[in-house]
Amino acid sequence: MQLSKDTKRFFVRLSAFTVLLVLLVRHFPSIGFFLTSTLTTLMPFIVGACLAFVLSVPMSLFERLLGRKDKKGRPLFSEKKRRPLALVFSILLLALLVALLGVIVVPQLIETVSSLAGSVMRFVPTAQEWIADFRVWLADYPEIQAIVEPYIPDVNQMASAFLAFVQKYAGLIAGNAVSTVSSFFGSATDVIISFVFAIYVLLQKTSLSRQCQKLIYAFLPKNFCDEALRVARMTHHTFFSYVAIQCLEALILGGLCFVGMLIFRFPHALVISVIMTFCALIPIYGAIASCVIGAFLILFENPLQAVGFVVFILVLQQIETNLIYPRVVSTSINLPSMWVLLAVTVGGGMFGIVGMITAVPLTSIVYTLLGETTSRRLRERNLTPADFATDETDKQGKTDRTHG
């Protein structure tokens, strides 16, 4: 029996896949070591690429500002000067933010955590007085007292447990942060390589893009290259828009929080505002976490102020979401709220904070591509949205149109 060309090609591919699979299983430790070593070697370049992407957000803004035209219709700066100046301004902005964190925010945060123990101990007598007054009131209602009494907490025990928790996990978090930063900056060579690579990428991104397009079009089918470039552009646009939107929203929310806390005289205004700014980068859960942390820090200073802070944050979130956000942001992630919640939850569970931040744009890309593919397949089968009516009204309308 003579086999067709397609059958022969299938068996050749199957044999090659089987051989590769056997080699992979037999030499898995060596391959794993090779991949780990390669990843370690390339890590400075990966960090540099991530740094270049972060810097590209303010750099694009500065390029637009420097490209404005004067009264005679000429640009303020030529294209050759525009990009280097924008890069310099972006680096200066990043250095300014790092300096503000190191000089102002970090000492304030350390001072707040250090004073938290004293605030807890000062709060203990007040809580004991409240519980004593509550027990006096319960004495007039013996039936309720019998039910509630076993659940009244021991304030001293709770304070001791809380202090032990803070000492344990604050030290753990600080130790992990210090070890992470030290491991990254431990090698000056890696830092320099990452920074220089980021600068090269940003200054030569046009030529790099052109070279990559030439390379893939030279060795891959044209239809595949067209689709790959379309997806790559959509991916870049989605991530760029998402990062720009989230950073802008976080800065606005943090600034409004700081001003509002100063007006209403809430304690720890700077620390809580910075925490809210960083937490706002995480969709959904970030706002909840910042509100809980802020209320927790204020609780031991003044419980009534903690309640007022929660009300203030809820009002601020509504103002920012319904009034400021739609006017400042012209584009948004093409993803329903349900999928945003699912993406953040799954991404955070699998990859932590990095997963929470990157899961939304990744899910948006998959959602868009899947929607395009589904629409194309339905058109090929001559199906329309009316064929998938779900409620009785749509079904009846479809039936009437059919009979008509």
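Below, each value reflects all heavy atoms present in this structure, side chains not excepted, and no hydrogens, waters or symmetry copies. On a predicted model such as this, the values are computed, not experimentally measured, just so you know.
- Met234 places none of its side-chain heavy atoms less than 4.5 Å from the side chain of His237.
- To the nearest 0.5 Å, atom CG of residue Leu35 and atom CG of residue Leu42 are 11.0 Å apart.
- Under the 3.5 Å distance criterion, the side-chain polar atoms of Ser290 are matched with a main-chain donor or acceptor of Ala287.
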Verify side chain to side chain contact (heavy atoms under 4.5 Å, CB included) between Thr358 and Tyr242, making sure each step is shown before the conclusion. CA-CA 9 Å; Thr358 58; Tyr242 178 76; over 6 Å; no

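- Checked by atom type and distance alone, the side chain of Gln246 pairs as donor or acceptor with a backbone atom of Ala280 at under 3.5 Å.
- Atom OG1 of residue Thr277 and atom CD of residue Glu249 lie 11.0 Å apart, to the nearest 0.5 angstrom.
- Gln211 places no side-chain N or O within 3.5 Å of a backbone atom of Thr206 that could act as its donor or acceptor partner.
- Residues Arg230 and Asp226 are not paired through a salt bridge, judged by the lack of any N-O separation under 4.0 Å between the basic side chain and the carboxylate.
- Classification of the Trp137-Phe134 ring pair by plane angle, with boundaries at 30° and 60°, yields parallel.
- The two residues Phe309 and Ile272 make their nearest non-hydrogen contact at CZ-CG2, 3.6 Å.
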Could you go through the side chain to side chain contact (heavy atoms under 4.5 Å, CB included) check for Arg210 and Gln213 one step at a time? CA-CA 5 Å; Arg210 188 184 302 112; Gln213 292 184 43; 5.7 Å; no

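- For the pair Glu63/Leu85, no side-chain contact is recorded, criterion being any heavy-atom separation below 4.5 Å from C-beta on.
- No side-chain heavy atom of Cys247 sits under 4.5 Å from any side-chain heavy atom of Val57.
- Taking OG from Ser194 and CD1 from Ile199, the interatomic distance works out to 11.0 Å, rounded to the nearest 0.5 Å.
- With contacts defined as side-chain heavy-atom distances shorter than 4.5 Å, the pair Arg83/Leu66 does not qualify.
- Taking all atoms of both residues into account, the shortest heavy-atom contact from Phe240 to Ser56 is CE1-O, 3.6 Å.
- Of all heavy-atom pairs between Ala198 and Gly48, the closest is CB-O, 3.3 Å.
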Could you go through the side chain to side chain contact (heavy atoms under 4.5 Å, CB included) check for Thr235 and Val231 one step at a time? CA-CA 6 Å; Thr235 301; Val231 174; 4.0 Å; yes

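- A pairwise comparison of heavy atoms in Pro58 and Leu93 identifies CB-CD2, 4.0 Å as the closest pair.
- Across all non-hydrogen atoms, the minimal contact from Gln305 to Phe266 is O-CE2, 3.4 Å.
- Phe278 CZ: 12 or fewer foreign heavy atoms inside a 6.0 Å radius.
- Of all heavy-atom pairs between Leu281 and Ala250, the closest is CD2-CB, 3.9 Å.
- By the 4.5 Å heavy-atom criterion applied to side chains, Ile216 and Leu229 are counted as neighbours.
- Other residues, nucleotides and ligands place more than 12 heavy atoms under 6.0 Å from the NZ atom of Lys205.
- Between atom OG of residue Ser90 and atom CE of residue Met59 there is a gap of 6.5 Å, rounded to the nearest 0.5 Å.
- The CE atom of Met276 sits 6.5 Å away from atom SG of Cys291, with the distance rounded to the nearest 0.5 Å.
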For Leu208 and Tyr200, run side chain to side chain contact (heavy atoms under 4.5 Å, CB included): C-alpha distance rounded to whole Å, both residues' side-chain angles, the deciding distance at 0.1 Å, then the answer. CA-CA 10 Å; Leu208 287 175; Tyr200 275 127; over 6 Å; no

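- The aromatic rings of Phe197 and Phe45 lie perpendicular to each other, with more than 60° between the two planes, well past the 30° mark.
- Using a 4.5 Å cut-off on side-chain heavy atoms (C-beta onward), Thr40 and Met43 make no contact.
- Within 6.0 Å of the CE atom in Met350, the count of heavy atoms belonging to other residues, nucleotides or ligands does not exceed 12.
- Side-chain N or O atoms of Thr41 include one that pairs as donor or acceptor with a backbone N or O of Ser37 at under 3.5 Å.
- For the atom pair Ile293 CD1 and Ile298 CD1, the distance stands at 12.0 Å (nearest 0.5 Å).
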